[in-house]
Amino acid sequence: MSHLLEVDDLKVSFHVSSGEIQALRGVSFHVNSGETLAVVGESGCGKSVTAQAIMGMIPSPQGRVKEGRILFKGQDLTKFNKKQFRSVRGSEIGMVFQDPMTSLNPTMKVGSQIDEVLVKNQKLSKKEAKQKTIELLKLVGISDASSRYSQYPHEFSGGMRQRVVIAIALACNPELIIADEPTTALDVTIQAQILELLKKLQKERNTSIMLITHDLGVVAEVADRVAIMYAGVVVESGRVEEIFENPKHPYTWGLLNSVPKLESSEKERLIPIEGSPPDLFAPPKGCPFAERCPFTMEVCLEHMPGKEVFSENHQARCWLNDPRAPKNEELIAAGRE
Amino acid sequence: MSQPQINIDHLFRPADKESLHSDKIARPYESYGKEVIRKVVKNKMAVFGFVLLVVIILLSIFGPHMVSHTPSKQNLTQGNLPLSSEHWFGTDDLGRDVWARTWAGARISLVIGFAAAIIDLIIGVFVGGVSGYMAGRGKTGDRIDNLLMRIVEVLFGIPYLLVVILLMVMMKPGITTMIIALSITGWVGMARIVRGQILQLKQQEFVLAAEKLGTSHAKIIIRHLLPNMMGIIIVNLTFTIPSAIFAESFLSFLGLGVQAPTASWGTMANDSLGVILSGQWWRLFFPGLMISLTMFAFNAFGDGLQDALDPKSK
Amino acid sequence: MSEYVLEVQEVKKHFKMGARKTVKSVDGISFAIRKGETLGLVGESGSGKSTLGRTIVGLYETTSGNVLFNGENTSNLNGKEKKELSRQMQMIFQDPTASLNPRMKVGDIIAEGIDAYKLLRGKERKERVIELLEKVGLHADHAKRFPHEFSGGQRQRIGIARALAVNPSFIVADEPISALDVSIQAQVINLLEDLQKEQELTYLFIAHDLAMVKHISDRIGVMYMGKLVELTTSETLFQDPLHPYTHALLSAIPVTEPKLRGTRERIMLSGDPPSPLNPPTGCPFRTRCPNAIEKCGEEMPKWKEIKEEHWVACHLF
């Protein structure tokens, strides 16, 4: 089966004065058409770098793709030059960032910014573009679209701006939207609105969404499949139910445990993951989570675990799933709660 | 990643976690100062400017002693001699050695430049600091800020030539008068920059934290605000020094600055104006060259420093 | 002495914007916190919750109203008494990067309050710094390092140690975890809970993450546009919320598991919060409120205790 987007063993490094930071150390995942893949992880785990690599926006000359392939509809994006990236970015992959202000031009009318994309990529006339823009603004839930058309970004609230950015991303009917923390800067009531909007648009247009987030609540709301990243590798991936109900990696257990349960009425102590993520300046040779893991074995410190496959979609990289690992079911059950 | 080929069966047992310490700091530490120096060194123009500056300063100290002639020793029989092994930069109409005079003049220029810049710095940082810090601190605070800023605006509006001429009339012309004249209006630029920086910095949470912990106003300014704007202050200095040097030369050239027979780049250029057409080019060329080189050196170094202090640069 | 550590009475904090306009960031808020209690304060950005926190600890002067600490009116005090009172109320800040001076060593940052109050000197000061570092889970040799060498969670611990150094009894925690990663948030929350038990601290915990606020707080206050609209115990707020804004806020929280998807009835608020420069008449929420009645535009509803421990400001009750 071919996927819309397939990232295969992607390695990206940044060179700074004091050495090399290995931001991605062999990342593999795929996005099927019409589905939402959530890429989850903490700051520095490489989730944003992955998005940058797909969009050809890794800051050079410090950063560069060292190895691996990014196949989008069968084409390898890592071989693309700047011009090819530009055409893909505008028309086939849409982008939504955390801070809507970085993707909007503050000195340009909101409508003109969407027009511009349409005129450039779809070769529409000015008049047609304006009509389409107003339709798009309505689509993303901006009331009074025709008068909003000629306002500037600063006249919009944070949530409204993010809607405009989504409208720009949708302008050319892209097959894939990459949304990097699209709701992190927004208030919870506005976040709910934007998530609803994304869900609705996906249903109507069958767009694929690669949603990058740190918020498991957002994942539980919208994702079909999940890839959990840690220290530059995907440690576990699977369908959203598999990840929440039958997680196979201690890091996933830790993430799920460290969020308070709204549903429970008792006041339970939170179970944090002790310590901090490793510095990718000098990544550990074994499992990157070994230092913080409650179940570390000697093998974890020495060797990177391979992929253990549990179902068609569900796989994890953890030595605990190896048949040779001692069956300390009790401990694991306690860790998983 | 494939499974390792070697036998790892025996490693499947709990690891000794005592030896692990995940809160350690792995990355080698580079202090802010070292980082700035590294970035400046990478910038060739900045390094060139810095080296040029050092050479000019060294020559201003040792230059006059490298020849047997003193800067003001006249020898009318040896007037207007061209460049030679005896007189490296030739002589002027009174037979004075231009090499010796050029470096003696450099002393005057550099002293005036540095002194004026340091006085600008002290007054500017004090006034700007107090003004920016007091702004928004109740009615009294706003009043102090307003008063100081009005003074700055008034001084900013007065052309400095006017002040200089006035001072020269009232006081004895010379280095001190020159420094006073340049500083009276010069500090306002620094004050404005410092005030702007302070207004920005004092919104930062670490300043609020210090205030909450009962740290005194003076200590907040000295320990929290000034150290975080040192970069901008230093960059500003590297631009005020050359402008003070240029002002000195310009005023001396007009006859408003250092008075003859004291050598300064400005007075030397002025002296040689009348003879430039008669072919003694060296009398104007060397002081002029030195003014240009000094300005260039400061600006090249200052630019590099500014880039290096920008946290966004790598 | 009253049972309350802190009493906030009709506090207002208005900011002048230009010559004529005023932003009423905090507009007549009253509540009280008991000793050893954690009061959570939630609200969206611009609701005035951070301004309220800063006003309470004295970083901002009140425009009107009183803040009573252990029964004493903080604005009536002067000099020494004021400084002593100020010592007992400390603050933990939101941004672990901006709240530490990048040019100071961690040891000096932590000792800042010790120095300002001249509590300890020399060897004793050094020992106290190490004790504080260890208390928040860091190491003695971290004192010689600079803030940028630490991760976000570690920096927040340094901020907590700095506040603890002067032995406060009341701490305002202003969004202390919102800049931290999920796995680190729990570490900091647990630390705050342990310290509370150990040192009998009282917290005002400001946040926008409702699940975390529910976890740490005994009671929760909900703010909207500079006003407190509801205040009650954590359980009651989540089980039996009264104010329509609280309803909307709670319904917007994402589910915690995918199988619960769609089980939560969403109250989608129409539009955005009104501009603070030009607030609506009467109740500030009426422009987005699904249950607004005519009276809401005419007068601001009174702040009243509907049931025991359940305060609300809404004309519907």
Side-chain angles (χ1 to χ4, degrees), chain B residues 20-36 133-142 145-146 197-198 200-234 309-312, chain C residues 15-16 50 54 57-61 82-87 89-104 108-119 137-139 141-142 144-151 153-154 157-159 162-163 165-166 168 171-172 174-175:
Chain B
L20 297 175
H21 171 26
S22 75
D23 269 341
K24 70 186 171 213
I25 295 168
R27 206 169 292 202
Y29 167 57
E30 185 179 44
S31 77
Y32 181 69
K34 273 189 198 148
E35 185 192 332
V36 169
Y133 190 74
M134 294 317 287
R137 224 169 267 279
K139 278 212 177 84
T140 343
D142 278 334
D145 175 46
N146 272 333
Q197 282 290 311
I198 297 240
Q200 247 177 43
L201 275 175
K202 73 175 186 180
Q203 301 293 333
Q204 298 258 1
E205 286 185 340
F206 69 82
V207 179
L208 290 175
E211 212 175 299
K212 187 68 230 56
L213 287 160
T215 307
S216 65
H217 294 325
K219 245 189 174 169
I220 288 180
I221 295 183
I222 292 166
R223 285 183 76 178
H224 292 283
L225 299 174
L226 289 182
N228 282 292
M229 45 196 283
M230 264 346 256
I232 286 167
I233 292 175
I234 292 171
L309 288 164
D310 181 357
K312 276 175 248 141
Chain C
F15 290 99
K16 283 216 169 68
S50 285
R54 289 178 181 186
V57 296
L59 279 171
Y60 295 153
E61 266 176 52
K82 188 169 186 170
K83 207 174 170 192
E84 169 55 24
L85 200 111
S86 173
R87 179 186 66 76
M89 307 165 84
Q90 285 305 325
M91 186 147 185
I92 299 167
F93 292 86
Q94 172 177 9
D95 184 341
T97 308
S99 63
L100 305 178
N101 184 345
R103 302 272 176 278
M104 265 166 87
D108 292 324
I109 290 176
I110 292 176
E112 179 150 24
I114 301 178
D115 297 341
Y117 284 95
K118 302 193 175 66
L119 299 175
L138 295 169
H139 303 273
D141 55 344
H142 285 160
K144 294 187 209 82
R145 302 274 194 158
F146 284 92
H148 70 258
E149 299 175 68
F150 295 87
S151 66
Q154 291 171 323
R157 289 162 186 272
I158 295 168
R162 170 176 64 187
V166 292
I171 291 181
V172 172
D174 184 4
E175 306 235 15

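Throughout, a chain's letter reflects where its sequence line sits, starting with A, and its residues are numbered from 1.
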Excluding sequence neighbours, so at least two apart, what forms side chain to side chain contact (heavy atoms under 4.5 Å, CB included) with [X]?
X: B:I222; answer: none
X: B:M229; answer: B:V194, B:Q197, B:I198, B:L201, B:L226, B:I233
X: B:P227; answer: C:R103

*Of the listed residues (B:Q204, B:M230, B:H224, B:R223), which shares the most heavy-atom pairs with chain C below a 4.5 Å separation?*
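Heavy-atom pair counts peak at B:H224.
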*Considering non-hydrogen atoms only, spot the tightest contact between C:F93 and C:S99 and give its length.*
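Result for this residue pair: CB-CB, 3.7 Å.
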Test item: [X] and [Y] side chains (from C-beta on) under 4.5 Å apart, heavy atoms:
X: C:R157; Y: C:F150; result: no
X: C:N101; Y: C:P147; result: no
X: C:Y117; Y: C:K83; result: yes

_Proximity breakdown for C:R162 and chain B, heavy-atom pairs closer than 4.5 Å_ =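 Both parts, backbone and side chain.
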*Under 4.5 Å heavy-atom distance to chain B, tell me which part of C:V166 shows up: side chain, backbone, both or neither.*
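Contact with chain B: side chain only.
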*Of the listed residues (C:E61, C:Q90, C:M89), which shares the most heavy-atom pairs with chain B below a 4.5 Å separation?*
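Highest number of pairs under 4.5 Å: C:Q90.
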*Heavy-atom pairs under 4.5 Å with chain B, option from C:R54, C:M91, C:K16, C:R87 with the top count*: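 Max contact count across the listed options: C:R54.
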*Hey, does the side chain of C:E149 reach the backbone of C:F146 with a donor-acceptor pair shorter than 3.5 angstrom?*
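Confirmed, C:E149 side chain pairs with C:F146 backbone.
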*asked:* What residues of residues 211-219 of chain B make heavy-atom contacts with chain C at a cutoff under 4.5 angstrom?
replied: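 From residues 211-219 of chain B, the residues near chain C are B:E211, B:K212, B:L213, B:G214, B:T215, B:K219.
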